[in-house]
Amino acid sequence: MALATFGAGCFWGVEYFFRQVNGVSNATCGYMGGNNSATTYEEVKKGKTGHAEVVQVEFDPALVSYEDLLEVFWKNHNPTSLNMQGGDIGTQYRSTIFFHDREQKAAAETSKLAFARSGRWGLRHIVTEIVPLQQFHVAEEYHQNYIDKNNLPSCHIEY
């Protein structure tokens, strides 16, 4: 199994989309990219810890490639929207790819460039950051699989 970590707005919808992918064995909501080791949802949502809401995806590379996961990432949020997705505003909702190794970094950079050149977003600049993996803080249990647990439609719009 391998890991990938993405931030694309509210983690409930991001987690939901990745859980639908064949080859993904788990998707865990959490926080990454900040400066506080005692992170809670209440702290992160205030936007003062520097963390992003992220989803850490556990996947089987024999069934789904990292490049396929990048495709899911790009298609399910607006990567031209700086520090917000829909009504969620703040750096905690930024578009981020946290790479786990050099291969993921190269794949993320290549896919970002290809996506930018695709014309899907017109002349708007893709603001997604591609940064090294940092400490992952698992979100509180009530955030895990939130959409299914609460029988909700996805809170994300497929772009």
Side-chain angles (χ1 to χ4, degrees), residues 1-21 23-61 63-113 115 126-150 154-156:
M1 299 305 273
L3 293 174
T5 307
F6 303 99
C10 172
F11 48 30
W12 297 340
V14 179
E15 175 199 38
Y16 175 82
F17 283 115
F18 281 113
R19 284 186 180 276
Q20 309 310 307
V21 176
V24 169
S25 61
N26 196 23
T28 305
C29 292
Y31 317 109
M32 188 175 284
N35 52 20
N36 179 354
S37 62
T39 300
T40 67
Y41 180 69
E42 293 302 317
E43 293 170 332
V44 172
K45 80 176 187 177
K46 291 176 184 173
K48 297 186 183 205
T49 68
H51 290 86
E53 288 192 13
V54 299
V55 173
Q56 193 157 80
V57 179
E58 186 176 347
F59 66 102
D60 183 344
L63 298 174
V64 62
S65 70
Y66 181 69
E67 288 77 9
D68 291 335
L69 297 179
L70 286 165
E71 188 77 17
V72 171
F73 169 78
W74 293 120
K75 287 185 174 179
N76 287 290
H77 80 295
N78 180 346
T80 68
S81 182
L82 183 63
N83 297 329
M84 65 182 288
Q85 289 296 310
D88 295 322
I89 300 170
T91 59
Q92 65 273 36
Y93 302 111
R94 65 190 179 269
S95 176
T96 308
I97 300 169
F98 288 96
F99 59 87
H100 290 243
D101 56 35
R102 279 188 246 153
E103 290 78 19
Q104 283 190 359
K105 179 182 181 186
E109 289 171 345
T110 298
S111 72
K112 180 179 177 179
L113 183 59
F115 198 75
I126 293 179
V127 297
T128 304
E129 56 184 21
I130 299 172
V131 295
L133 181 72
Q134 297 177 28
Q135 183 177 359
F136 178 65
H137 304 274
V138 176
E140 296 80 357
E141 180 55 36
Y142 72 93
H143 290 296
Q144 308 305 327
N145 209 14
Y146 187 87
I147 289 177
D148 285 342
K149 281 181 188 174
N150 293 282
S154 171
C155 59
H156 275 59

**Q.** Working for side chain to side chain contact (heavy atoms under 4.5 Å, CB included), residues Q134 and T5
**A.** CA-CA 10 Å; Q134 297 177 28; T5 307; over 6 Å; no

Q: Start with the C-alpha distance between V44 and T39, add both sets of side-chain angles, then the distance that settles side chain to side chain contact (heavy atoms under 4.5 Å, CB included), and finish with yes or no.
A: CA-CA 7 Å; V44 172; T39 300; 3.0 Å; yes

Q: In sequence, state the C-alpha distance, the side-chain angles, and the governing distance for F17 and V55, and then conclude on side chain to side chain contact (heavy atoms under 4.5 Å, CB included).
A: CA-CA 10 Å; F17 283 115; V55 173; over 6 Å; no

(Q) Is there a side chain to side chain contact (heavy atoms under 4.5 Å, CB included) between R19 and N26? Walk through the geometry before answering. (A) CA-CA 7 Å; R19 284 186 180 276; N26 196 23; 3.4 Å; yes

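Between H137 atom NE2 and E43 atom CD the span is 10.0 Å, to the nearest 0.5 Å. Here the straight-line distance linking atom CG of N145 with atom OH of Y16 works out to 10.0 Å at 0.5 Å rounding. A distance of 9.0 Å separates CZ in F115 from OG1 in T80, rounded to the nearest 0.5 Å. In this structure, E109 CD and L70 CG are separated by 11.0 Å, a value rounded to the nearest 0.5 Å. S111 OG to I130 CD1: the interatomic distance, rounded to the nearest 0.5 Å, is 6.5 Å. Rounding to the nearest 0.5 Å places NZ of K45 at 9.5 Å from OG1 of T40.
Using a 4.5 Å cut-off on side-chain heavy atoms (C-beta onward), V72 and V21 make contact. Using a 4.5 Å heavy-atom cutoff, the side chains of K46 and Q92 are not in contact. Using a 4.5 Å heavy-atom threshold, the side chains of Y93 and M84 count as separate. Residues F136 and T28 have side chains in contact (heavy-atom distance under 4.5 Å, counting atoms from C-beta outward). For the pair Q56/L133, a side-chain contact is recorded, criterion being any heavy-atom separation below 4.5 Å from C-beta on. In this structure the side chain of W74 reaches within 4.5 angstrom of the side chain of P79, judged on heavy atoms. F99 is listed as a side-chain neighbour of P132, based on a closest heavy-atom distance under 4.5 Å. Residues T110 and E67 are not in side-chain contact: their nearest non-hydrogen atoms beyond the backbone lie 4.5 Å or more apart.
Looking at E53, its side chain never comes within 3.5 Å of a backbone N or O of G7 through a donor-acceptor pair.
T128 and S95 make their closest contact through OG1-OG, 2.6 Å (heavy atoms, listed as atom of the first residue, atom of the second, distance). Nearest heavy atom pair, residue H143 against residue W12, reads ND1-NE1, 3.0 Å. Contact record, R94 with T91: NH1-O, 2.8 Å, taken as the closest heavy-atom pair. Minimum heavy-atom separation, Q85 to A8: CG-O, 3.7 Å. For the pair Q144 and A27, the tightest heavy-atom approach, listed with the atom from each and the gap, is OE1-O, 4.4 Å. Closest approach of N35 to T49, counting heavy atoms only: OD1-O, 2.6 Å.
Here E140 pairs with nothing under the salt bridge (Lys or Arg N to Asp or Glu O under 4.0 Å) rule; sequence neighbours left out. Shown here are the ring-ring contact (aromatic ring centres under 6.0 Å, His included) partners of F18, two or more places apart in sequence or in another chain: F6.
Between Y31 and F11, the distance separating the two ring centers is shorter than 6.0 angstrom.
Below 30°, between 30° and 60°, or above 60°: for H77 and F73 the angle between ring planes is between 30° and 60°, a tilted geometry.
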